[in-house]
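Keep in mind that the numbers below use all heavy atoms, side chains included, and drop hydrogens, waters and symmetry copies. For reference, positions follow the sequence shown, starting with 1.
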Amino acid sequence: LNQNPQKAVPFAVSALQVNRYSADAIQLLLRAFLSEWKEGMSAEPYWQFLSKLYDVQNLKDLLFLYQFTGKAGFEALQAYIWDILPESVQQQLHRSTIKTGETDNEGSNFSRRPGYTHQ
């Protein structure tokens, strides 16, 4: 699976259908996505795929995906999700990271990285 991350997609999807908050499964899926994504490509196809597995109207699901796309280093997809988050949530995330200096395990702060849009 490390040699060809695309082979992991069916396993990751099956695991996410059982538990959509499985950190291991989402990380596996995002690694597969990143293996085929190229700089400058739209993140929309990946978002469309994820929107079939997650309730994109559910804030918990959006925040889960936002966090793990950041951890995976998939900045274009993370920026896409950021744009979907309600403005009040964006402001709370921005304020909390400035106030506390919090970062996730990968050192990423929970705010939109500049330079990425989901056009």
Test item: F49 and V13 side chains (from C-beta on) under 4.5 Å apart, heavy atoms: yes
Distance-minimising heavy-atom pair for Q90 and L85: NE2-O, 3.4 Å
Check: L77 and L30 side chains under 4.5 Å, non-hydrogen atoms: yes
Donor-acceptor pair, side chain of D61 and main chain of V56, under 3.5 angstrom: no
Between CD on residue Q78 and CG on residue L65, distance to nearest 0.5 Å: 11.0 Å
Side-chain heavy-atom pair K52, Y54 within 4.5 angstrom cut-off: no
Gap separating the CD atom of E75 from the CG atom of L34, nearest 0.5 angstrom: 9.5 Å
Q6 (side chain) donor-acceptor with A32 (main chain) under 3.5 angstrom: yes
Heavy-atom pair of closest approach, residues I81 and W47: CG1-CZ3, 3.6 Å
Y66 and W82 aromatic ring geometry - parallel, tilted or perpendicular at 30°/60° bounds: tilted
Pair E36-Y46, side-chain hydrogen bond (donor to acceptor under 3.5 Å, both in side chains): steps then yes or no: CA-CA 11 Å; E36 70 175 25; Y46 304 100; 3.1 Å; yes
Student check: side-chain heavy atoms of L28 and S22 closer than 4.5 Å: no
V89 side chain near L62 side chain, heavy-atom distance below 4.5 Å: no
Inter-residue atom distance R20.CZ - I26.CD1, 0.5 Å rounding: 11.5 Å
F68 ring center within less than 6.0 Å of F74 ring center: no
Inter-residue atom distance Q67.CD - K71.NZ, 0.5 Å rounding: 4.5 Å
Nearest heavy-atom neighbours spanning A25 and A15: CB-CB, 3.7 Å
Y21 and F64 aromatic ring geometry - parallel, tilted or perpendicular at 30°/60° bounds: perpendicular
Q48, CD atom: more than 12 neighbouring heavy atoms under 6.0 Å: yes
